[in-house]
Amino acid sequence: MEAIDLVTGVGLVLGAFFFCAGTIALLRFPDIYTRLHALTKGDNVGLALVLLALSFQAGSWSEVCALLLIWLLVMVASSTTSFLIAQAAQRKGVKPWTR
Amino acid sequence: MIALAVAVSCPIWAIVVPLVGAALTMLWPRRATFVGAAATLTTLAVVTALTARIAQTGVQRYAVGGWGAPLGIDLYADGLSAILLAITAAVAAGVSLYGLRYFRAVSVLAYFWTLWLFVWAALNALFLSGDIFNLYVTLELVGLSAVALVALAGGGAALTGALRYLLVSLVGSASYLLGVALLYGQYAVLDIASLGAQVQPDTVTWVAMAAMFAGLMLKTALFPLHFWLPAAHGAAPAPVSAVLSGLVVKASFYILVRLWLQLFPIAVPAPGQLLGALGAAAILWGSIQALRQERLKMLLAYSTVAQIGYLFLVFPLADTVAAQTAWLGVLMFIASHALAKSALFLCAGNILRYYGHDRVHKLGGAARGEPVTFFALGLAGVSLIGLPPSGGFIAKWLLIEAAMASGQWWWVLVMVTGAFLAATYVFRVLGDGLISGTVSARRQVVAPGMAGAALLLALGATVLGFLAVPMDELRQIGWPLVAVRGGQP
Amino acid sequence: MNPFLGYALSGVLLIGIGLYGAIVYGHLLRKIIALNVMSGGIFLVFIALARRAPGVADPVPHAMVITGIVVAVCASAVALVLSVRVAVETGQAALPGDHEDRA
Amino acid sequence: MDALGLVNAAFDLVVIVLLPAVALGAVMSADLFKAIILFITLGLLLALTWVRLAAPDVALAEAAIGSGLMGALLLSARERLARTRPGRDRRTSHYPRWMTHPPPRRSHRAVSPWAASGLVLIAVAGLTAAVVTLPHEAAGLAPEVARQTPQRDLANQVTFVLLDARGYDTLLEIGVLLLAVAAVWSLGEAPEPPQNAAGPMLQGFVGTVGPIMVLVAGYLLWAGTDAPGGAFQAGVMLGALGVLLSLAGRHPLARLPGWALRLAVVSGPMLFLAVGVTMIGLGRHFLEYPQAHAKALILLIEATAMISIGVILVSLYAGGRPLSDESGTRKGRL
């Protein structure tokens, strides 16, 4: 196994960890706002790590660009949707969780 | 001139012309009537040329895209296809004539033409298809356009009827598609002829056949899967009911016949007897329900449930010595029912327009008020019951003859009872009209074209009684598997 | 190991679940969802069948399933519009004789 | 079995079990909203399955149509049902009132769950028996396709089957799309869209992503001859953009004049038909493309089909004929 493969492997495992953390938070956190917070943060970092890891395996710069583009698009989409969900919840009168 | 005739009789035109017509009516809704009438006339000409070509030169096979089976899709037109194309064209002529006058709102008229041309194109495509997956697509086209036509009537009854029809139709075609998937998984061909040469009586094939038959029986509304039919056929606008009862239910029955003749691996008696028994139940149940109906259109819808039963009586007779008689009988039946029932629905539309209602026991004086419609009603009723000299008479005669010849007398009993019940409900309608009861206030004028269209179809059903011999000659062109499946040709 | 059988059997289960839902539930949206689950199962059987030979996938079922997906979404779109019209006319999102069950 | 094989097998197992579980939720969960979300999830899971089963073209179509568009349609239908008040904007009918009213309830009785379960069990048992006895190694028509494709300059075999070998099916399929629009328009005018003001966030999102989506649609179309993609996937991309625009309050079809909308809807199928008929004029069979021009013709057909598919899908989402329709059917009551 070459060093570059090792870097990829570590990146993928780390990314998977962040995805897992985000998912557990989705299941365990008390209200919609905190869940959104955890989910978007965790998944964005996780995705970034996975894509970074994969870009080491890319055969050309255009593939790296494609991976970058995927990351950017997912970022735009997830931030917009999480904003819209939170906004809808607020309009419906869902109160943020307090201890 | 000859070159032109050959070019025009190519099977693809029977599909392309109405399809183009449908698209053009969408593009120019204001000119829908003109475009629709032109498309109707052209399609009639094309179908006539194609039928004549089949009668003269035999089976037509046409590789769309030039690839040919197994990769491409072939159109396949034999005598059986030709008969159904011709029946469709005959009913279509009547319905188009009627549609010119029936719809008054511009918007509805435009959509009627679009959807009706879609149905026609899809029916022609279905009758010409030689490929089981292509049949699925045509089946969906027929179903979806028929549903939309039902909903054109507007109002709760039509909308709920249409929606139930759509849901049922989707289950039916999904079941058919499942059968296609399994057959493709086993044999890796979709062309019916190649598939027919390969089928073996194994588990996959039987399960696929069961799925396809179940789906198609649901779409044909064979008892006890008829529950959706009366609401849809009864609530649709009159010309639409004519198309649905006359043609659309026969489309799925046609696929059943194709599957039975060409894809059933071996002749086993059990499925045929089961289908026959369901058909017999349909005849009795549908007729009794028809007797109980208050409204003419619902009566006719239940009568369709009963008449569909007759179609299925062919299956127990199809593997006996009398097979050829039975098949001719059932084709005559399809033709005469298509013409007679569509005539009856058009008459019901006229009566509805004239009286403002279609309650069976309040049609007093109809014979004097609306004589042409009433005459058509009588003629078509005669064919529906099966009295000579109508097409219905010949059809039932042939079926009874086949049942006797094969020693299955119990089907004769059912058929005679069905005819008796049909006579009862037909005379229930006619009797009231003939008795010069109170003529209720005349509500609306029935356009001559509307009465004429009904009469034309009813006359067709009568004249059909004299056409059994040419129909049999047409039927024998490319008749599948005559040698293998028993019965003298 | 060739996973085709597992996926195909999973497809068969989807067909069963969809068929059950389409028959039993009265609410129109549920019926439409169930029908789509059922056709999803059929597509799954179809695509699994195309993946039996090692190495190559058969493109013909792929093309047929794409056709099927488009047809299904068209039919569903019409069914959904009809459902809304039915609800406007009759006041309930179910066919007469059925009840809306749990919305 | 090596490590990779083991991971793959584990992955397969998870998906195979998850599919029916999610399907059960989509069909049976008590909350309709939850059911719809699970149905969308099922669509995504199916898309993943298609990738795993080496069907990337189907995966693209499923993710976009089966999951995305169906989800949007279901959610908007749910919202419209919730807004429905019986009796309001009731359509008039040319039949008397006593006829248009739904028939009495006793006419149809729902099937009991037990009977349905019995039927389903029989169906599942039969299908299982059939699937298990299918040959476990079969190439289907793949060798035949591989033999014929080199004749054309199309590396994507699915596009070859869809638009060339079985182009007739695809023509009828575009016919189904056209028919669906005719059906939806015939049912009446589009209901008023919900009045919630789209915030700057969604507007900005559409502004950013919209041009990219158009670009992607073009790419899917262009690359579809050689890589996964094609007219349907590209058309759905445009349709999705239209749905997004509608959600953002900028109804893309409302500004089109009626004739332009109808032309856009009809042009795809009409051009397909025209190409087919032209081939007959050249002495070939319907849709039998000449060798030299096959790829160009296919791209031409796909390009117009893409636009029609996009417009058709947005029209289906709108749920009725556009209010701006000036075809004489405006205010067209029955």
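Lettering follows sequence order; numbering is per chain, from 1. Values below: every heavy atom of this structure, side chains too, minus hydrogens, waters and symmetry copies.
Of all non-hydrogen atoms in D:Val161 and C:Ala63, the two that sit nearest each other are CG1-CB, 3.5 Å. When all heavy atoms of C:Val24 and D:Ala116 are compared, the closest pair comes out as CG2-CB, 3.5 Å. Between C:Ile66 and D:Ala61, the closest heavy-atom pair is CG1-CB, 4.4 Å. The nearest pair of heavy atoms linking C:Gly16 to D:Val124 is CA-CG2, 3.8 Å. The minimum heavy-atom distance between C:Arg30 and D:Asp31, with the atom names listed, is NH2-C, 3.9 Å.
Using a 4.5 Å cut-off on side-chain heavy atoms (C-beta onward), D:Leu73 and C:Val73 make contact. Side-chain atoms of C:Val56 and D:Gln157, non-hydrogen and from C-beta on, never get closer than 4.5 Å to each other. C:Tyr20 is listed as a side-chain neighbour of D:Met28, based on a closest heavy-atom distance under 4.5 Å. Contact check for C:Leu5 versus D:Val131: side-chain heavy atoms found under the 4.5 Å cut-off. A heavy-atom distance below 4.5 Å is found between the side chains of D:Glu62 and C:Ile69.
When D:Leu24, D:Leu38, D:Val27 are each tested for a side-chain contact (heavy atoms from CB on, under 4.5 Å) with C:Val37, only one passes: D:Val27. Tested against C:Cys74 for a side-chain contact (heavy atoms from CB on, under 4.5 Å), the candidates D:Leu178, D:Leu177, D:Ile65 yield a single pass: D:Leu177.
D:Met70 contributes atom CE, which lies 6.0 Å from atom CG of C:Leu80 (distance to the nearest 0.5 angstrom). A distance of 10.5 Å separates CE of C:Met64 from CG of D:Leu162, quoted to the nearest 0.5 Å.
Interface remark: of the candidates D:Leu127, D:Leu141, D:Asp57, D:Leu141 forms the most heavy-atom pairs closer than 4.5 Å to chain C. For the options D:Ala54, D:Ala26, D:Ala35, D:Ala183, heavy-atom pairs under 4.5 Å to chain C are most numerous at D:Ala54. No other option in D:Leu69, D:Ile309, D:Val17, D:Leu134 has as many heavy-atom pairs under 4.5 Å with chain C as D:Leu134. Of the listed residues (D:Val176, D:Val58, D:Leu13), the one with the most heavy-atom contacts under 4.5 Å to chain C is D:Val58. Per-residue counts of heavy-atom pairs under 4.5 Å with chain C were compared for D:Ser76, D:Pro135, D:Ala123; the largest is that of D:Pro135. For the options C:Leu9, C:Leu28, C:Val65, heavy-atom pairs under 4.5 Å to chain D are most numerous at C:Leu9. If you tally non-hydrogen atom pairs under 4.5 Å between each of D:Asp169, D:Val15, D:Leu121 and chain C, the highest count goes to D:Val15.
In this structure, the portion of C:Leu13 lying under 4.5 Å from any heavy atom of chain D is its side chain and not its backbone. Both the backbone and the side chain of D:Ser117 come within contact range of chain C, judged by heavy atoms closer than 4.5 Å. For a residue to count as touching a neighbouring chain, one of its non-hydrogen atoms must lie under 4.5 Å from one of that chain's; by this rule D:Ile16 touches chain C with backbone and side chain alike. Within the 4.5 angstrom heavy-atom criterion, atoms from both the backbone and the side chain of C:Arg52 approach chain D. The contact between D:Leu46 and chain C is made entirely by side chain atoms (from C-beta outward), counting heavy-atom distances below 4.5 Å. Looking at C:Val78, the atoms closer than 4.5 Å to chain D (heavy atoms on both sides) sit in the backbone and in the side chain alike. Only the backbone of C:Ser83 comes within contact range of chain D, with at least one heavy atom under 4.5 Å from a heavy atom of that chain. Contact annotation for D:Leu179: neither backbone nor side-chain heavy atoms come within less than 4.5 Å of a heavy atom of chain C. For D:Glu144, no part lies under 4.5 angstrom from a heavy atom of chain C. In this structure, the portion of C:Ile15 lying under 4.5 Å from any heavy atom of chain D is its side chain and not its backbone. Using a 4.5 Å cut-off between heavy atoms, C:Leu82 contacts chain D through both its backbone and its side chain.
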